[in-house]
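Order of the sequence lines fixes the chain letters, A, B, ..., with proteins taken first and strands second; residue numbering starts at 1 for each chain.
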There are 4 protein chains.
Amino acid sequence: MSKSLETGVPRGRPRSEKARRAILRAAGELLESVGFAAVTVEEIAARAGVSKATIYRWWPNKAAVVTDSFLELTSPEIGFVDTGCAVRDLTAQMRGLAHVLGGRSGRFIAALIAESQTDPEVAEALREHWIAARRAETRPLLRRGMERGELRGDLDLEVAIDALFGPIYWRMLTGYAPLTDDFIDRLTDHVMAGLRVPAGGPGIRTNGE
Amino acid sequence: MSKSLETGVPRGRPRSEKARRAILRAAGELLESVGFAAVTVEEIAARAGVSKATIYRWWPNKAAVVTDSFLELTSPEIGFVDTGCAVRDLTAQMRGLAHVLGGRSGRFIAALIAESQTDPEVAEALREHWIAARRAETRPLLRRGMERGELRGDLDLEVAIDALFGPIYWRMLTGYAPLTDDFIDRLTDHVMAGLRVPAGGPGIRTNGE
Amino acid sequence: MSKSLETGVPRGRPRSEKARRAILRAAGELLESVGFAAVTVEEIAARAGVSKATIYRWWPNKAAVVTDSFLELTSPEIGFVDTGCAVRDLTAQMRGLAHVLGGRSGRFIAALIAESQTDPEVAEALREHWIAARRAETRPLLRRGMERGELRGDLDLEVAIDALFGPIYWRMLTGYAPLTDDFIDRLTDHVMAGLRVPAGGPGIRTNGE
Amino acid sequence: MSKSLETGVPRGRPRSEKARRAILRAAGELLESVGFAAVTVEEIAARAGVSKATIYRWWPNKAAVVTDSFLELTSPEIGFVDTGCAVRDLTAQMRGLAHVLGGRSGRFIAALIAESQTDPEVAEALREHWIAARRAETRPLLRRGMERGELRGDLDLEVAIDALFGPIYWRMLTGYAPLTDDFIDRLTDHVMAGLRVPAGGPGIRTNGE
DNA sequence: GATTAATCGAGACGGTACGTCATGTCTTAGC
DNA sequence: GCTAAGACATGACGTACCGTCTCGATTAATC
């Protein structure tokens with residue numbers, strides 16, 4: 001998001017890496033403590049011991065700094081695991097996400113999603129660096145499940161990911177109900193098994209309840 | 001000191017209903033065209049041919065006006081239908097929502113969700129007047145499906161609703177992928193049937209494990 | 001210099017006379033104490049207990065406020081007198097000016113002259129409200145002197161005024177030499193010896209040296 | 001630490017005379033075209049194809065560069081002439097000055113006078129290099145006139161110079177009236193009539209007193 | 001019909017943050 | 001040791017909204 005002139009040989013005084021880091025750290029702290037709307041470039045500059053001009057030299061506006069700050073601070077978070085059971089692995093991943101969203105990153109992401117409704121660059125950054133990354137972590141699990149025969153062979157991976165993770169983000173954003181482990185478990189259960197009475201084997205449930 | 005002493009009969013010039021409507025309409029138009037952050041009370045007043053004081057006399061701040069504007073303009077519910085098939089009815093409802101979210105109300109709701117991340121009153125209004133209303137429309141469908149044996153008898157209604165509708169909102173908010181009818185159909189299919197290979201039916205797992 | 005819409009009936013909250021005066025007083029104090037270049041709108045606002053917006057609502061920029069401040073504070077200053085002797089009256093007026101220029105108004109006027117080199121509006125205000133006013137005070141004295149036969153009958157009033165007062169301003173601006181009473185006296189003497197009808201009767205010096 | 005240790009042989013890359021000239025030329029052009037206040041070091045550097053650091057290495061601030069630029073470009077003195085008539089010579093000199101002040105140097109000098117109200121160094125440079133030089137050109141003319149008996153023997157040279165030239169600068173600075181040749185002639189006439197030994201022609205005061 | 005009281009429009013007010021700009025200092029690499 | 005390039009801290013600029021506040025003018029219901 002920050003500028004880069006790509007001019008072969010760099011001329012002049014090089015950009016201060018120290019300042020850059022101080023700015024991103026300050027922006028992150030502020031976002032966390034007061035929320036996006038209340039973050040101020042003036043305050044970021046003050047906290048980072050940096051001039052406003054330096055911030056505006058490298059980022060076009062507040063949203064860009066804050067977004068960069070987020071991307072900088074949230075890289076390798078939710079790991080893979082392979083317990084041999086896709087459902088268990090997916091549940092673990094979903095719990096992991098719910099946990100992250102419940103913590104400091106949650107406020108961060110909620111704020112960015114909010115901002116992304118107005119600012120296309122934030123939206124793009126969010127999609128590219130957060131959403132795409134998370135989805136990329138889930139696809140292998142689903143594929144593995146399909147290969148092993150745990151999951152339906154005709155799955156649409158993207159739709160499946162939406163079905164599993166969409167509800168989690170939705171709850172975070174609306175606060176309609178809490179993001180408890182119990183919720184995650186029920187969600188996994190419902191989506192994995194399906195809401196419908198299984199079409200499956202004749203005789204199994206044909207006789208009603 | 002209170003605006004209305006509740007003495008039965010109001011005295012003085014009554015509130016201008018015309019002004020009220022003009023304000024809400026102007027707020028709605030603005031929100032739609034420029035997004036929440038860019039809406040200004042000054043502009044609402046100008047468009048509505050109304051003074052700022054009149055706005056602030058009746059609403060505490062920008063968010064309240066815009067929220068009211070939304071509530072005023074989104075009474076028309078997405079009706080029920082009962083075709084006898086719960087899945088079909090739910091799909092219809094989901095398609096209906098997707099259609100609404102794709103239109104002007106979509107921008108409206110997205111803006112309010114964004115604002116609600118910061119403003120608890122907007123969050124509350126949104127939950128109460130939009131989210132609760134939508135969920136209330138879905139519950140009977142699910143119950144009917146359970147009673148008829150189309151849907152699992154042990155459904156957690158709230159989780160089911162999240163599973164069905166959460167992904168739709170999530171896509172709208174992130175723009176990760178479009179809200180097409182095809183997506184709705186696949187989503188319904190995946191959630192209704194479940195992602196997992198059914199425990200039941202013979203033949204499906206012919207190769208054993 | 002400040003705005004005036006001249007819209008017959010005034011609407012809305014009337015301009016705060018108190019704020020206006022506080023601004024002009026603050027601007028004047030500042031100009032006096034730190035000089036034009038160091039005057040800051042921010043500081044004027046702070047001193048006057050007024051918001052910057054209020055200043056910019058009524059004046060287009062710093063120069064305008066300071067100029068207005070000057071005009072406000074320097075109206076009726078150097079009086080007329082008629083002692084019966086034009087030379088004496090003019091000398092008194094010149095001493096008066098020299099005295100004023102040596103005091104707080106001197107810094108003020110020097111600053112405005114400086115600013116007027118760049119800002120045409122300041123130049124105009126200065127010409128209209130200071131220079132024209134001063135010249136208007138001198139013309140009657142010169143005319144009186146002409147009528148009484150103390151001064152040459154073919155005087156060009158404007159040139160005479162320039163000849164008498166130009167050197168005073170010039171010394172103030174360059175600081176080349178001090179504005180003492182002695183200087184004024186010598187200046188009057190030198191210039192008057194020419195403005196005055198020559199004492200020399202015919203024959204007095206006709207024969208040269 | 002001092003820039004030149006005076007150790008006889010200078011070490012390192014010598015100062016670029018080309019850069020120096022380019023800077024002064026650029027400064028002069030800028031001052032002329034936009035006025036002192038609008039001149040920026042940044043722009044000087046850009047025009048001169050020079051870095052800001054180079055400017056600040058050799059001049060303490062903007063005023064110094066501009067002043068130097070002026071001094072560099074205004075060496076060509078306004079020569080003397082001796083026609084045998086002091087009045088004629090002085091008039092020629094005054095016309096010469098008026099002409100100079102009406103041209104590019106006029107803007108230059110006006111800008112420096114303006115700046116000198118705030119910056120003592122500019123004031124000093126102006127006095128030393130411009131004002132003193134001009135006065136030095138006039139004194140011999142006045143002395144010659146006194147010796148020849150054209151001018152009063154008791155002249156105060158400094159006051160006389162102020163009386164002759166002060167009005168010219170004053171008109172230039174205020175723009176109260178134009179610096180025409182006609183003005184110069186009338187000014188000379190008015191002031192000379194007093195500086196000069198009265199011709200005391202017969203008939204002038206025919207009516208006696 | 002006059003009085004009363006709350007509304008309305010207009011728009012000025014103190015504040016706060018914005019994003020821009022110029023200053024004068026500094027840091028680097030290259031000549 | 002000088003140079004060009006350009007990043008840096010500082011601090012004022014002028015703008016835009018915020019939410020509050022006076023005004024004089026409306027507008028009904030009550031007297």
Side-chain angles (χ1 to χ4, degrees), chain A residues 5 7 9-16 18-20 38-43 45 48-62, chain B residues 3-4 9-16 18-19 38-43 45-46 48-62, chain C residues 5 7 9-16 18-20 38-43 45 48-62, chain D residues 3-4 10-16 18-19 37-43 45-46 48-62:
Chain A
L5 293 173
T7 48
V9 184
R11 307 253 271 142
R13 178 175 176 174
R15 178 172 181 182
S16 161
K18 191 177 140 204
R20 191 183 137 273
V39 169
T40 288
V41 174
E42 221 119 4
E43 179 65 16
V50 143
S51 81
K52 269 202 304 176
T54 298
I55 296 180
Y56 282 111
R57 203 190 326 276
W58 300 109
W59 292 274
N61 50 47
K62 186 176 75 173
Chain B
K3 275 172 186 170
S4 161
V9 185
R11 307 249 287 144
R13 179 174 176 173
R15 177 172 180 183
S16 160
K18 190 178 144 204
V39 170
T40 63
V41 173
E42 222 118 4
E43 180 65 15
V50 141
S51 83
K52 274 203 301 175
T54 299
I55 296 179
Y56 281 110
R57 205 189 322 275
W58 302 109
W59 291 274
N61 51 47
K62 185 175 78 171
Chain C
L5 293 174
T7 48
V9 183
R11 309 257 266 142
R13 178 174 176 173
R15 179 173 180 183
S16 161
K18 192 178 142 202
R20 190 183 137 273
V39 170
T40 287
V41 173
E42 221 119 6
E43 179 65 15
V50 142
S51 83
K52 268 204 303 176
T54 297
I55 296 179
Y56 282 111
R57 206 189 324 276
W58 299 109
W59 292 275
N61 50 47
K62 185 175 76 173
Chain D
K3 277 172 185 170
S4 161
R11 307 249 288 143
R13 178 172 175 176
R15 176 172 180 185
S16 159
K18 190 178 142 204
V39 170
T40 62
V41 174
E42 219 118 5
E43 180 65 16
V50 142
S51 84
K52 275 201 302 174
T54 300
I55 296 179
Y56 281 110
R57 203 188 321 279
W58 301 109
W59 291 273
N61 50 47
K62 185 175 79 173

Minimal heavy-atom distance between V41(B) and K62(B), with the atoms involved, is CG2-CB, 4.0 Å
Grab the N/O contacts between the protein and nucleotides 24-27 of chain F below 3.5 Å, and write none if there aren't any.
| unit_1 | atom_1 | unit_2 | atom_2 | d |
| --- | --- | --- | --- | --- |
| dT26(F) | O2 | R13(B) | NH1 | 2.7 |

Do nucleotides 14-20 of chain E as a string where each nucleotide becomes B, S or -: B if the base has a protein heavy atom under 4.0 Å, S if just the sugar-phosphate does, - if no protein is that close.
BB-SBBB
Side chain to side chain contact (heavy atoms under 4.5 Å, CB included) partners of A45(C), counting only residues at least two apart
K52(C), I55(C)
Measure the distance from CZ on R20(A) to P on dC8(F) and round it to the nearest whole Å.
11 Å
Over how many whole Å does the gap from I55(D) atom CD1 to dT25(E) atom P extend?
13 Å
Does OP1 or OP2 of dG19(F) have a side-chain N or O of W58(B) closer than 4.0 Å?
no
For R20(C) and W58(C), run side-chain contact (heavy atoms from CB on, under 4.5 Å): C-alpha distance rounded to whole Å, both residues' side-chain angles, the deciding distance at 0.1 Å, then the answer.
CA-CA 9 Å; R20(C) 190 183 137 273; W58(C) 299 109; over 6 Å; no
Closest approach of N61(A) to Y56(A) (non-hydrogen atoms, all atoms of both residues):
CA-CE2, 4.4 Å
The criterion is side chain to side chain contact (heavy atoms under 4.5 Å, CB included); which residues satisfy it with S51(D), sequence neighbours excluded?
A53(D), T54(D)
Sequence neighbours excluded, which residues qualify as side chain to side chain contact (heavy atoms under 4.5 Å, CB included) partners of R13(B)?
none
Just jot down the side chain to side chain donor-acceptor pair (under 3.5 Å) partners of S16(C), sequence neighbours excluded, or say none.
none
